[in-house]
Enquirer: 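Okay, handing you the structure first.
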2 protein chains.
Amino acid sequence: MNLTSSIQRPTLHEELVERLRNLVIEDILKPDEKVPEKELCESFGVSRTPLREALKVLASEGLVVLQANRGARIARVTREELENTFPVLAALEQLAGELACAHLDDEGISKIEERHAEMLAAYKAQDRKAYFQANQDIHNALISGAQNDVLKAHHRRLAARVSRARFMVNLSDERWSEAISEHKQMMMRLRCRDAVGLGQLMKTHMTNKLAAHVKALGSDGEPRQKQT
Amino acid sequence: MNLTSSIQRPTLHEELVERLRNLVIEDILKPDEKVPEKELCESFGVSRTPLREALKVLASEGLVVLQANRGARIARVTREELENTFPVLAALEQLAGELACAHLDDEGISKIEERHAEMLAAYKAQDRKAYFQANQDIHNALISGAQNDVLKAHHRRLAARVSRARFMVNLSDERWSEAISEHKQMMMRLRCRDAVGLGQLMKTHMTNKLAAHVKALGSDGEPRQKQT
DNA sequence: TGACTGAATTATGAATTCATAATTACGTTT
DNA sequence: AAACGTAATTATGAATTCATAATTCAGTCA
């Protein structure tokens, strides 16, 4: 008997939260659009009750906004919010870097090392998609490596909030090469378990990422150019 | 016509989230207790639908845990979670300190100065309740002073999660005097707008607070002694 | 023609109902 | 009497229904 795979997803609303969240993040449900309750119910094959429960949860996460008697709309991530989010993300990543240095074992580090190599390869091949994936994996591995579930949960929530923006924005060549060099430095710090140093670099890395994003955004918070 | 007081609380579930949250924080609904859906519905005079919606939201905040087909229980804050939460809180307060130095105007600072004086007076009078209140006001003012709603929201959520613990634990005399001296230092940094310095102090302050808490807690996460 | 009024339609929040899982109560067996 | 199994009861998740707010649309009048 395999005990690790028991109980997949008990409740409908949990499943719905997950699915709706993805629809928002993947930009299938677009900002300011009102959520088509009826259609979603039909396509998911559920009644309104669990779907509305899911919307309440997503609202508390800030992914949708509820208007009394006027239903739900997909939240628009304003430039201001973006500018507010990144410093917080940066602070959490700094902490994650410090904790990861302390808690990751050699095996954990070498796994990140692998992903790092893949990321460099993707850069060499100018494969943006593979780069994004490897990059995200590295960040997630560092967050997980911190072994702090509270940190992980809050980071996850913040990242979800801006991931659409990250998804949409085209990385400039300059920023890309800069990010690569920052990652190289981060790996060096991780290797010698320089907690404070890694934390500092991760904070800076995130701050620079924000600067690049803001530069790429118009004042309306929508990207000047869409991703190809 | 007074436009500032229009629209109090449009939806039932929002009101319920608020009320239930308070019941948890004020320790009226106690950890591990199962949430008496029926009773609450009756005492609030609402049906199960909005109450259950509220529970879903509180679950996503981590204040209650939902068990499939077994209803909701008030979440227990384990020692481990406490130990995970404080570093994150510390990181956020550090950031808040830095931002508050940058963004608070002279008036904002002098308001904090007032509260600080009240806090010192409460300490002199050994008035724990007044101290707690002034202390909380100061922290909230610094958080608000950072002028970053994302930071504020996440801080609020984290603080809510551990506030019960803070509420329950008796402050030791040593820790109290230590906290006072930390606060004095913080005020000095704020006065001269030393952003990095204030941030550092606030981080340390929070870290020390954790240490005091953990010392006061048994391994089960419940306080050794209740507050009078 | 265009703005306004009010009825018809639709959408939304909340109550109620329903099917089923979990718990309790009870009886049987050893 | 204790342990097990089964029926009755209760609690829970989700669908449905209902009342009302918002929106749409047709008709009227300037």
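Below, chain A is the first sequence line, B the second, and so on; all start at residue 1.
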Enquirer: Find the distance A:Arg48:CZ to C:dA15:C1' and express it as a whole number of Å.
Expert: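 Atom CZ in A:Arg48 sits about 12 Å away from atom C1' in C:dA15.
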Enquirer: Specify the separation, in whole Å, of atom CZ of B:Phe44 and atom C1' of C:dA15.
Expert: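 Distance, rounded to whole Å: 18 Å.
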Enquirer: Between B:Thr78 and B:Glu81, do the side chains contain a donor N or O and an acceptor N or O under 3.5 Å apart?
Expert: no
Enquirer: Check every atom of D:dA15, D:dT12, C:dA14 against the side chain of B:Thr11 and return the nucleotide holding the closest atom.
Expert: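 Ranking D:dA15, D:dT12, C:dA14 by closest atom to the B:Thr11 side chain puts C:dA14 first.
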Enquirer: Under 6.0 Å between ring centres, would you say that holds for B:His139 and B:His183?
Expert: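 Yes, they do, as the ring centres are separated by less than 6.0 Å.
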Enquirer: Please determine whether a side-chain nitrogen of the Lys or Arg among A:Glu118 and A:Arg115 lies less than 4.0 Å from a carboxylate oxygen of the Asp or Glu.
Expert: yes
Enquirer: Any donor-acceptor pair, under 3.5 Å, between the side chain of A:Thr49 and the base of D:dA15, if you only look at N and O atoms?
Expert: yes
Enquirer: To the nearest Å, how far apart are B:Lys38 NZ and D:dT12 P?
Expert: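 Computing the B:Lys38:NZ to D:dT12:P distance gives 10 Å.
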Enquirer: If you only use heavy atoms from C-beta on, which nucleotide in D:dA22, D:dA15, D:dT17 is closest to the side chain of A:Arg70?
Expert: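 Looking only at side-chain atoms, A:Arg70 lies closest to D:dA22.
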Enquirer: Measure from CG on B:Leu12 to P on D:dA21 and round the result to the nearest Å.
Expert: 13 Å
Enquirer: Nearest-nucleotide wise, let me know which of A:Pro50 and B:Glu37 is further upstream toward the 5' end of DNA chain D.
Expert: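 So the residue in question is B:Glu37.
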Enquirer: Classify the side-chain pair B:Asn140/B:Gln136 by whether it contains a donor and acceptor separated by less than 3.5 Å.
Expert: no
Enquirer: Quick check on DNA chain D: between A:Ala68 and A:Val46, whose nearest nucleotide comes earlier from the 5' end?
Expert: A:Val46
Enquirer: Taking atom P of D:dT12 as reference, at what distance in whole Å does atom NE2 of A:His13 sit?
Expert: 15 Å
Enquirer: Just how far, in rounded Å, is C1' of D:dA11 from CD of B:Glu39?
Expert: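 One finds 13 Å between C1' of D:dA11 and CD of B:Glu39, rounded.
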Enquirer: Rounded to whole Å, please give me the gap between CG in B:Asn69 and P in D:dT10.
Expert: 18 Å
Enquirer: Could you tell me how far apart A:Leu16 (CG) and D:dA14 (P) are, to the nearest whole angstrom?
Expert: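 Rounded to whole Å, this separation is 9 Å.
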